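Accompanying notes for the structure given below.
Just follow the structure's listing: the first ligand is 1, and inside any ligand the first atom is 1. In this text the structure is predicted, and so the values were computed from the model without any measurement.
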Amino acid sequence: MRQFRQRGIILATIMVLLLTSCSKKGVEPQSQSFLMLGTVCRISIYDKPSDTAFKAAFGRIREIEERMSLHKESSEISRVNREAGKSAVAVSPDTFLVVEKALEIARLSGGAFDPTVAPLVEAWGIGGDNPRRPGREELETLLSLVGYERVTLDKTAQTIYLADEGMALDLGAIAKGYAADEAARVLKEHGVGSAIINLGGNVLTVGRKVDGSLWKIGIQDPEAERGGYALIVELEDTSLVTSGPYERFFTLEGETYHHILDTATGYPVVNDLISASIITESSFLADALSTTLYALGREEGLSLIESLEGVEAIVFTGQHRIITSSGAPAFTITDEHYHR
Ligand code: ADP
Ligand code: MG
């Protein structure tokens, strides 16, 4: 993801159609990948692949991107941001729902997760072509524009209003999760009962494998190349989403700056975690909470997760320890550098 953004390559939509080995039922599983939501989005269907199912699911992801992207001038989020301090903007039910949920998580996390973090995100530009380290004064000014309490939602009119000019929303920490849930819903409407949706590491499993066994999903080794796993979890109908500083960062004068920002200081979050994963049914919640867990850090983050039913966490510390919430599913460590 980082490479694409940093090199500024504008890639036309690419499609890869992969045929993998025959399943027991004799159906060929199929995968397709497209560049959407600033990352590689891949859907693999195991039981009932069809062009119409792929088309509908990717169409839905594209629609969500068109509505929520911070980088598209025509998106609803860009319109809301342009009208900050001026007027309320009517949006689609999609955008309204995602912002509404984002504000709930913001309240739940005491603002550690905050969708109004956009002015800070833009100033740092981490993951973009020109990342930079803003000065302290600049950060102070920008921090005054961050505050989820100053977002007004009107449910009847389906409008969003940001109280002050310069305020802006960034749904980068949750839109992929929402898109994954929606893609799964669309696949099911097309009769698909066995699939994996992977939106740049944001994984949602649909059903089970066609032979009835559980999916084996790897959690990225934060210290290895992309695709190197540190542990494997077995799941069905569940989402697994990981957030961490290794995903997007830049280095300046020997210091590394990553993309999850501390809404109190304006700087990247500093803690002893190197990755934070959430396992829960909804990918939307998993996405929002993995960023939140990382932003809150080990103690506060894990105690928030413990308080939520049906939500589990697996975190990696800088000392290579793996710590989980009390109901986390069983897993196998595949990299000996890590231990419980
Ligand atoms: P990714 O999308 O890279 O997998 P995340 O889901 O953790 O990772 O989202 C990180 C993105 O969320 C950042 O790139 C930025 O756009 C946004 N963000 C950064 N800090 C915060 C924060 N404290 N609260 C909410 N969103 C944030
Ligand atoms: Mg997230």
Task: Pro115 vs Asp170 side-chain heavy atoms within contact, under 4.5 Å - done: no

TODO: Find out whether Asp272 and Gln319 are in side-chain contact, i.e. whether some heavy atom of one side chain is under 4.5 Å from a heavy atom of the other.
DONE: yes

- [ ] May I ask you to identify, for Ala295, whether its side chain, its backbone, both or neither come under 4.0 Å of ligand 1 on a heavy-atom basis?
- [x] neither

Open item on the list: Within 45 degrees of the ring normal and closer than 6.0 Å to the centroid, is that where the cationic atom of Arg208 sits relative to Tyr46?
Closed with: no

Task: Ligand-side contact atoms (ligand 1) for residue partner Gly172, heavy atom cut-off under 4.0 Å - done: 2 (O), 9 (O), 12 (O)

TODO: Could you tell me whether Asp114 approaches ligand 1 through its side chain, its backbone, both or neither, with non-hydrogen atoms closer than 4.0 Å?
DONE: backbone

- [ ] Within a distance under 4.0 Å of any heavy atom of Lys176, pick out the atoms of ligand 1 and give their elements.
- [x] 1 (P), 2 (O), 4 (O)

- [ ] State whether Ser243 contributes an N/O/S atom found under 2.8 Å from the Mg ion (ligand 2).
- [x] no

TODO: Give yes if a backbone or side-chain nitrogen or oxygen of Leu261 is under 3.5 Å from a nitrogen or oxygen of ligand 1, and no if not.
DONE: yes

TODO: Dump the intermediate steps for ring-ring contact (aromatic ring centres under 6.0 Å, His included) on Phe249 and Tyr257, then the final yes or no.
DONE: CA-CA 5 Å; Phe249 60 88; Tyr257 300 93; over 10 Å; no

- [ ] For the residue pair His339 and Ile322, establish whether any side-chain heavy-atom pair is separated by less than 4.5 Å.
- [x] no

Open item on the list: Please list, in number order, the atoms of ligand 1 under 4.0 Å from a heavy atom of Glu247.
Closed with: 1 (P), 3 (O), 4 (O), 8 (O)

Open item on the list: With clusters defined by side-chain heavy atoms of hydrophobic residues (ILVMFWY) lying less than 4.5 Å apart, directly or transitively, does Tyr229 cluster with Ile196?
Closed with: no

Open item on the list: I'd like to know whether ligand 1 has Ala112 as a neighbour, heavy-atom separation below 4.0 Å.
Closed with: yes

TODO: Could you pull out, from Ala102, Ala173, Pro115, Ala106, the option with a heavy atom nearest to atom 12 (O) of ligand 1?
DONE: Ala173

Task: Distance-only N or O hit between ligand 1 and His259, under 3.5 Å - done: yes

Task: Numbered atoms and elements of ligand 1 in range of Arg248, under 4.0 angstrom, heavy atoms - done: 1 (P), 2 (O), 3 (O), 14 (O)

Task: Close-contact set for ligand 1 against Ser243 heavy atoms, below 4.0 Å - done: 5 (P), 6 (O), 7 (O)

TODO: Would you please indicate if the ring centroids of His259 and Phe250 are separated by under 6.0 Å?
DONE: no

Open item on the list: I'd like to check which ligand 1 atoms, numbered from 1 as shown, lie under 4.0 Å from a non-hydrogen atom of Val121.
Closed with: 15 (C), 16 (O)

TODO: Give the numbers and elements of all ligand 1 atoms closer than 4.0 Å to a heavy atom of Val117.
DONE: 18 (N), 21 (C), 26 (N), 27 (C)

- [ ] Have a look at Leu289, Asp287, Leu296 and point out the one with the heavy atom closest to atom 6 (O) of ligand 1.
- [x] Asp287

Open item on the list: Below 2.8 Å, can you find an N, O or S atom of Leu289 next to the Mg ion (ligand 2)?
Closed with: no

- [ ] Tell me whether Ile260 is reachable from Ile278 by hopping between hydrophobic residues (I, L, V, M, F, W, Y) whose side-chain heavy atoms are closer than 4.5 Å.
- [x] yes

Open item on the list: Is it the case that the side chain of Ser290 and the backbone of Asp287 share a donor-acceptor pair, with hydrogens and angles ignored and the cut-off at 3.5 Å?
Closed with: yes

Task: Option among Thr238, Asp181, Thr205, Asn202 that satisfies the side chain to side chain donor-acceptor pair (under 3.5 Å) test with Ser283 - done: Asn202

Task: Residue pair Thr280 / Gly310: nearest heavy atoms and the distance that separates them - done: OG1-O, 2.7 Å

Open item on the list: Quick check on contacts: which atoms of ligand 1 are under 4.0 angstrom from a heavy atom of Asp170?
Closed with: 15 (C), 16 (O), 17 (C)

